[in-house]
Amino acid sequence: MTAPTERERRIGLLLARAPHRLRGAVTWLRVPSRRHWRLLSGGLLILGGFLFILPFLGLWMLPLGMLLLSEDIAVLRRGVDRCLAYIEQNHPGWMGLPDQK
């Protein structure tokens, strides 16, 4: 498989495990024509992730923000792709895959 196809497959696996409302929002943001919304949302999610001591905000916002920003920023895309490959290989249950150990 090509790298973009692998990336889409891995992101699809993660989104399948996300809550319905979050999955819908991320799917809406990933449309190529919504670049400005994606950059704004990704930046705000990362900023919110740094405020993890507050009740609703948390570290869960950092990877989601990085995932959204990686759609438009090549340097982040490579890092996110490596992280997704690592998770798939070492923690397949996080993606809803059966453990291979």
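The shown structure was predicted, so the numbers you read here are calculated from the model rather than taken from an experiment. All values below were derived from every heavy atom in this structure, side-chain atoms included, with hydrogens, water molecules and symmetry-related copies excluded.
Connection of L69 to V31 is not established within any shared hydrophobic cluster, with ILVMFWY side chains joined at heavy-atom distances below 4.5 Å, either directly or through further cluster members.
Contact detail for D81 and R10: the closest heavy-atom pair is O-NH1, 4.3 Å.
For the pair M95 and L84, the minimum side-chain heavy-atom distance is below 4.5 Å. In this structure the side chain of W94 never reaches within 4.5 angstrom of the side chain of L13, judged on heavy atoms.
Heavy-atom neighbours of W28 CH2 from other residues, nucleotides or ligands within 6.0 Å: above the threshold of 12. Annotation for I53: atom CD1 does not count as buried by contact number, only 12 or fewer foreign heavy atoms lying within 6.0 Å. The local environment of CE in M61 is crowded, with over 12 non-hydrogen atoms from other residues, nucleotides or ligands closer than 6.0 Å.
Atom CG of residue L39 and atom CG of residue D72 lie 4.5 Å apart, to the nearest 0.5 angstrom. Rounding to the nearest 0.5 Å places CD of E8 at 10.0 Å from OG1 of T2. Between atom CG of residue L22 and atom CH2 of residue W60 there is a gap of 6.5 Å, rounded to the nearest 0.5 Å. Atom CG of L59 is separated from atom CG of L51 by 10.5 Å, given to the nearest 0.5 angstrom. With rounding to the nearest 0.5 angstrom, the CG atom of L76 is 11.0 Å from the CG atom of L68. Rounding to the nearest 0.5 angstrom, the gap separating the CD1 atom in I73 from the CE atom in M66 is 8.5 Å.
With respect to E71, the side-chain hydrogen bond (donor to acceptor under 3.5 Å, both in side chains) criterion is satisfied by exactly one of R30, R77, R38: R30. For the side chain to side chain contact (heavy atoms under 4.5 Å, CB included) with V26, the qualifying choice from L14, I11, L15 is L15, the only one to do so.
R7 and S70 share a donor-acceptor pair across their side chains, judged by distance under 3.5 Å alone.
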Under the criterion side-chain contact (heavy atoms from CB on, under 4.5 Å), I'd like the reasoning laid out for F52 against L62: C-alpha separation, chi angles, the key distance, then a yes or no. CA-CA 10 Å; F52 63 90; L62 283 172; over 6 Å; no
